[in-house]
Amino acid sequence: MAPTIDPSNRISADRPALRSIAGAAQRRGQTPLAPLTRGEHGASSITAGTLRSVIAASDALRLRPAACADNPAETVRAAHALAELLRRFQATSRQCVREWLHDPQPTVWLVEAASGRIVGTMSEPTVTGSAVDAGVQGTLADEQPLHGLRERHAKAGVGVPVILAQRAPPQVGAMRPSPSDVLSRTAVVGIERGFDTRIRSIRIRLHDPDERVQVRLHGREHPLAADHTAAVAHMLGRERRLFAGAPSISDSLVHPAREGFTPLTPMRPGQTPLVLIEGAGLSPLMMAQVANAVVGDAALRARYQVWLYRYPMTAPLFLSAGRLRADLGRFYAALAAQSDRPAQSNAVFVAQGPGALLARSLLLDATSAIWNAVFTGPAATLQLPALERRVLERLLCWRPCGHVARVIAVGTPGNLAALTAGVGERAVQSLLQQPLRLRAALASIHERACGMLQAPSPGTGAPRHAEPLHQAVHAGAVAADRALLARLAEADPPSGASLYQPGSATVPAARLTRVADGSPLGPQVMRQLLDWLGQFETVTSL
């Protein structure tokens, strides 16, 4: 019995077919089939022509000629015919998924095969146990711009790789965006027949290509298509839009709302954070090549989740190093809040240029070195309120960080002294851009401790400031940066790859590995880098 138009202007199909589909949906815990009015079926995001085409391609694939074992020529022709039918089915499936992504909430359609008219729709679990909600925006993976990534790591097969992301990513904050905001999936269009062969049930299922490598289609197993680069490119595009220009100077010790960590790959339970720190500070593109290379390797993709850390290049080195320590602590606190695991793996850092110095500073005990370069006496002799003491200790007194498993330094600057050029003026400019509360705290510290400040060392440059506070900040920033660079030079390993012992029980045998100075992230360095990442042991945070 063909579908008819009832007096209430609803499209109805034969009742056995509807009962069959509705009963199967109820057993799977899906929402009931929702009948549509005659006018509503045209409002579906998938057009009748597309539905008709994908049904025809599926029927042709289901009725493909069988191969003849006794006739090799027939076997070859059957193989070519199967490949052509799969190509046609893939093309129609891609168009079907492309139109579905405009409104991804319904995932099952009851369709009249001859006309492509939709009789009813329903939703079933597709993404992490729940239906795709209205806040998700989907994109075909092959339509995702690469934003400068050199390679696309993809695998051919059945299904249409897609990227699912929240339409409105969170504002710049503790994690921007959240690592669970972007998912890489493969959409597979399945067509089933009911009691009436003129009615088809079309279902779109989303599969995780890292958890499933094959899909069954009309009684035959086929490899599942995948595109791992698209998710990295999507996150990279978000990062470039959020920070189109160079980052401004800000003190996250007082304003922790702006963190420097941005995910470049989706999160999976149990992964080790791989943190990339750039050296140029203007574009995340160079270090994002590392993220793309990691997702291109199945073992590394399962082991690491890649993050990009950005820091203000115009701030003094010791301020950026202190900020990185504070940011890393908050980063692990945020990871613990999003994970059921009681402990997270310690992070592996890959850093370039000045960023390599910041990463290496996480393994140093620079408490006395930096403090003694600024003050003549110990911190205990200063009588300061709690807020002022906390600000001063976070600026000048920090110990080895307990969340670091390994640091890979790529292209460490050869002339460390050149990094102190203009540091005094930059420190004063940074001070002037801070909130009033921080400036008042530093003014109070200067008033109470000005008698304990070290005299400016030769070669610091004459500050062009009349206020005593600005003169003290100018001299203190130069002294602190020089002390940090000297401490880094002392801890520099003599060989290209050596064990670095930070001298603290809170950091178990952290390693520092170096690549030759000035080496870009070219193919040879990238291969060596990926080889190291595959060999590193996993260390769990305490």
Side-chain angles (χ1 to χ4, degrees), residues 239 243 245-253 258-262 274-290 307-328 331 347-364 366 369-370 373 395-396 398 400-401 404 406-427 429-430 477-493 496 500 512-522 525 529:
E239 167 69 10
F243 294 94
S248 61
I249 302 175
S250 63
D251 187 359
S252 64
L253 301 179
R258 177 172 183 177
E259 300 280 351
F261 288 92
T262 303
L274 175 61
V275 182
L276 311 178
I277 306 182
E278 58 192 353
L282 297 178
S283 170
L285 178 57
M286 179 174 290
M287 300 306 288
Q289 306 293 346
V290 178
W307 294 79
L308 179 71
Y309 180 79
R310 304 194 76 186
Y311 60 96
M313 290 293 296
T314 52
L317 184 65
F318 82 97
L319 284 178
S320 296
R323 171 183 173 174
L324 173 57
R325 290 168 177 272
D327 286 353
L328 188 60
F331 170 76
V348 174
F349 284 79
V350 177
Q352 183 186 29
L357 300 179
L358 298 185
R360 289 179 52 201
S361 72
L362 294 171
L363 305 176
L364 295 180
I370 296 181
L395 287 174
L396 303 177
W398 29 269
C401 182
V404 184
R406 170 110 40 170
V407 173
I408 302 178
V410 181
T412 304
N415 187 3
L416 300 183
L419 295 177
T420 61
V423 66
E425 294 294 334
R426 288 186 277 126
Q429 292 298 321
S430 177
V478 174
D481 255 21
R482 288 184 175 182
L484 177 58
L485 290 173
R487 185 70 183 87
L488 287 170
E490 293 173 3
D492 199 16
Y500 182 81
L512 174 67
T513 306
R514 296 183 61 202
V515 181
D517 289 353
S519 298
L521 286 172
V525 175
L529 174 62

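Just so it is clear, the model here is predicted, and its values are computed rather than measured. Hydrogens, waters and symmetry mates are skipped; everything else that's a heavy atom, side chains included, is used. Quick note: residue numbers are just sequence positions, from 1.
Every side-chain contact (heavy atoms from CB on, under 4.5 Å) that A321 has, sequence neighbours left out, goes to L358, S361, W398, L484.
Summarising the geometry of M287 relative to L276, their closest heavy-atom pair is O-CD1, 2.9 Å, with the distance given to 0.1 Å. Across R325 and L364, no two heavy atoms sit closer than the pair NH2-O, 3.2 Å.
Distance CG/L324 to CG/L319: 12.5 Å, rounded to 0.5 Å. Note: I370 CD1 to R482 CZ = 14.5 Å, rounded to the nearest 0.5 Å. In this structure, CH2 on W307 lies 12.0 Å from CG on L274, to the nearest 0.5 angstrom.
Of the possible polar contacts, one joining the D481 side chain to the L317 backbone as a donor-acceptor pair under 3.5 Å is found.
The shortest side-chain heavy-atom distance between L357 and L485 falls under the 4.5 Å cut-off. Residues Y309 and F349 are not in side-chain contact: their nearest non-hydrogen atoms beyond the backbone lie 4.5 Å or more apart. For the pair V275 and V350, the minimum side-chain heavy-atom distance is 4.5 Å or more. Looking at heavy atoms from C-beta onward, D327 lies in side-chain contact with F261 at the 4.5 angstrom threshold. Counting only heavy atoms from C-beta outward, the side chains of I277 and Y311 approach each other to under 4.5 Å.
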